[in-house]
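Please read the structure below before turning to the comments.
Proteins get letters first, then strands, A, B, ... in listed order; numbering begins at 1 in each.
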There are 2 protein chains.
Amino acid sequence: MIPQNRRITIKHVAKEAGVSTQTVSRVINVRPDVSPETRQRVLDIINQLGYQPSELARSLIQRRSYTLGVVTAGLKYIGPSRTLNGITTKAEESGYALLLKELPSFTSNEIQPLLQFLLARHIDGILWAVPEIGNNHDWVKQGLTGIPVPVVYLTMQPHPDVSVAAIDNYLGGVIAVQHLLEQGRHCIGHISGPLDWWEARQRKQGWQDTLKKAGFPVSDASCVEGNWSSSSGEVAFQQLLQSYPDMDAIFVANDQMALSVLRVAHRLGIHVPRDLPVVGFDNLSESAFFWPALTTINQNQLELGGRAVQELVAQIEVFQRNEQVAPQNVLLSPDLIVRESSVVQK
Amino acid sequence: MIPQNRRITIKHVAKEAGVSTQTVSRVINVRPDVSPETRQRVLDIINQLGYQPSELARSLIQRRSYTLGVVTAGLKYIGPSRTLNGITTKAEESGYALLLKELPSFTSNEIQPLLQFLLARHIDGILWAVPEIGNNHDWVKQGLTGIPVPVVYLTMQPHPDVSVAAIDNYLGGVIAVQHLLEQGRHCIGHISGPLDWWEARQRKQGWQDTLKKAGFPVSDASCVEGNWSSSSGEVAFQQLLQSYPDMDAIFVANDQMALSVLRVAHRLGIHVPRDLPVVGFDNLSESAFFWPALTTINQNQLELGGRAVQELVAQIEVFQRNEQVAPQNVLLSPDLIVRESSVVQK
DNA sequence: CTGAAAGCGCTAACAC
DNA sequence: GTGTTAGCGCTTTCAG
């Protein structure tokens with residue numbers, strides 16, 4: 001039997017230093033009203049004992065845990081992980097702890113137990129880092145009143161009543177098509193992501209609007225829906241070649257599917273970029289080494305996560321002062337990375 | 001001014017139901033010693049009020065938080081994220097919450113403040129999901145006594161005194177080389193990962209030992225060190241072509257670097273697999289769509305994370321009963337995925 | 001400057 | 001079956 005590992009408490013320190021627990025508390029919290037000698041003596045004892053105040057007890061009485069609830073999904077994909085990376089980094093910087101929950105699927109709709117779970121642990125705010133897909137955010141419209149802490153949503157349609165941080169996917173689509181137009185192409189096809197995803201719809205809309213605005217036709221035949229995976233990209237591309245034989249360039253909604261386009265094009269003797277410039281989306285670290293190197297739209301998910309934390313922490317500050325919090329929308333611009341797949345060498 | 005959002009407590013429920021808090025507590029904890037009528041009445045009130053017991057207060061008094069501290073690093077890379085995915089899934093299943101900390105870098109050595117942080121929040125155990133690199137695990141050998149909760153380490157050299165869960169990278173190297181030997185190749189080169197990484201050393205050792213055992217020579221000229229990145233793979237491969245002109249097959253320590261090998265080989269007119277079969281490591285979701293599709297070693301990081309949680313939870317059970325915990329090592333076998341890059345079509 | 005008392009929200013240990 | 005008392009480890013009053 002090992003002796004029960006009891007925690008060193010403020011009492012032990014107080015007793016050892018011959019002061020009240022109150023005084024120790026004052027020292028811990030760096031309050032001015034302690035005499036220098038007392039302070040030093042207490043600090044010495046603290047070091048000597050290796051005392052560490054319990055954040056749990058503190059959270060309980062202060063009604064504030066300095067902890068953020070983070071709800072994510074799809075960590076096995078690189079996008080959500082990059083965002084989480086940004087969240088952890090900024091949270092560390094802001095002095096907040098992170099309670100992590102991953103939904104079993106992107107479209108999970110079992111929100112209530114999750115919220116209860118987080119609230120039971122007295123989190124100060126929630127970061128809802130699950131992309132908007134199908135109706136998986138419907139509860140937002142209703143359930144808003146139910147959550148007694150600030151919430152910031154990532155990657156959903158900006159909304160006047162809630163705080164949202166997102167990448168401007170629409171702009172990404174615009175930039176991609178503009179680039180292809182600049183290459184002198186007019187028949188620009190599109191392989192979209194699954195259209196129940198908000199991000200996929202935005203990218204497609206950017207593609208469509210930009211082509212229309214430039215005076216070039218867009219039809220059902222010029223776009224095929226994929227599901228983000230490389231294998232779906234392969235299928236979609238072959239379909240597109242059939243339905244849109246005039247196509248002279250292509251914008252693919254993510255790099256994984258674009259990889260398949262490159263592969264199939266090569267197999268069929270379609271030269272990229274000469275016969276078919278290709279632009280992807282995401283800027284995977286591998287994309288620069290595809291063959292040919294892939295032109296793509298880069299989205300800074302690291303910054304997205306950071307900005308979301310920043311916004312949430314700001315809201316928490318306001319909320320804790322019992323003031324009204326004003327929803328804030330943060331929209332980050334993606335940028336174009338030009339590589340071999342889209343520009344014909346002179 | 002919004003009214004202070006005070007929590008509904010056990011007291012409110014007790015008062016409303018006309019019983020003591022103790023009885024409410026009994027109902028919450030599904031104790032048998034409550035009359036059916038009382039239980040029902042209390043449950044009704046709980047539902048009506050939307051009462052949610054505070055896990056914080058519970059943790060405090062029970063000296064048990066059902067929370068695991070997870071320390072990770074490099075979430076922007078897919079490996080650590082996949083592992084985390086496994087961790088979240090199994091933790092959910094086991095009823096544990098997760099407090100997440102990401103180190104600023106893989107080789108961060110600032111352990112003490114981190115441990116304090118976690119212990120201050122009364123975590124029941126720690127999952128150290130940071131790969132062993134350079135001397136970033138040196139503190140394990142010393143600091144063991146300092147940690148008053150069970151710890152399970154992921155991806156480090158198994159050690160008799162601590163619990164480790166890891167993929168058998170050595171075996172991965174062995175399998176890869178065996179496969180190439182079966183293709184009738186004998187001069188098998190290697191591009192390793194950075195050799196301060198334990199995983200990289202293991203893969204290299206597997207390569208080396210298997211070749212030697214088969215009676216084929218291994219020299220300094222047949223291995224070049226990369227740094228996992230695609231660009232380092234490019235450099236390493238060109239170096240290897242110089243230093244090992246007889247090379248007739250290659251085992252690359254990860255898929256990202258292998259991608260560069262495929263690319264450079266193509267540029268130089270080296271046909272893969274005819275002239276040079278290639279085997280990678282990691283099984284990225286893109287690898288199946290490289291050109292040619294990449295043969296690779298698959299490591300199940302999802303399962304790794306899950307097994308680590310399982311082991312940690314088991315240790316916590318023992319520890320909480322004040323019994324001695326016996327360190328346990330879990331070693332998972334990777335497996336070979338054969339694709340076009342290593343097998344010459346008949 | 002310092003301490004005593006009360007309480008955050010809950011449960012263990014004992015009464016009855 | 002149910003209530004009372006005490007206390008987890010800390011901070012907020014309010015005295016002095």
Let me check something: any side-chain donor-acceptor pairs from residues 50-58 of chain B under 3.5 Å, sequence neighbours excluded? List them with distances.
residue: Ser54(B); atom: OG; partner: His122(A); partner atom: NE2; Å: 2.8
residue: Ser54(B); atom: OG; partner: Leu56(B); partner atom: N; Å: 3.2
residue: Ser54(B); atom: OG; partner: Ala57(B); partner atom: N; Å: 3.1
residue: Glu55(B); atom: OE2; partner: Arg58(B); partner atom: NH1; Å: 3.1
residue: Arg58(B); atom: NH2; partner: Asn29(B); partner atom: OD1; Å: 2.8

Show every donor-acceptor pair shorter than 3.5 Å between a side-chain atom in residues 302-316 of chain A and any protein atom, with sequence neighbours excluded, or say none if there are none.
residue: Glu311(A); atom: OE2; partner: Gln315(A); partner atom: NE2; Å: 3.1
residue: Gln315(A); atom: NE2; partner: Ser163(A); partner atom: OG; Å: 2.4

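Applying the salt bridge (charged side-chain N to carboxylate O under 4.0 Å, His left out) test to pairs two or more places apart or on separate chains, those with a residue in residues 17-32 of chain B are Arg26(B)-Asp33(B). Sequence neighbours left out, not one pair with a member in residues 108-120 of chain B passes salt bridge (charged side-chain N to carboxylate O under 4.0 Å, His left out). For residues 125-137 of chain A, no residue pair satisfies the side-chain hydrogen bond (donor to acceptor under 3.5 Å, both in side chains) rule, not counting sequence neighbours.
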Subject >> B/S/- contact track for nucleotides 8-16 of chain C, protein heavy atom under 4.0 Å >> reply: BBBBBBB--
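Using a 4.5 Å heavy-atom threshold, the side chains of Leu332(A) and Asn300(A) count as separate.
Rounded to an integer number of Å, the gap from CG of Asp33(A) to P of dA15(D) is 17 Å. Gln40(A) places its CD atom 16 Å from the P atom of dC1(C), with the value rounded to the nearest Å.
End-to-end axis angle of the helix from dC1(C)-dG16(D) to dC16(C)-dG1(D), using five pairs per end and rounding to 10°, comes to 40°.
The side chain of Ser35(B) places an N or O atom within less than 4.0 Å of a non-bridging phosphate oxygen (OP1 or OP2) of dT2(D). Under 4.0 angstrom from either OP1 or OP2 of dT2(D) there lies at least one side-chain N or O belonging to Thr38(B).
Scanning for ring-ring contact (aromatic ring centres under 6.0 Å, His included) contacts around Tyr66(A) gives Tyr96(A), with sequence neighbours left out. Annotation: side-chain hydrogen bond (donor to acceptor under 3.5 Å, both in side chains) contacts of Glu102(B) (sequence neighbours excluded): Asn85(A), Thr88(A).
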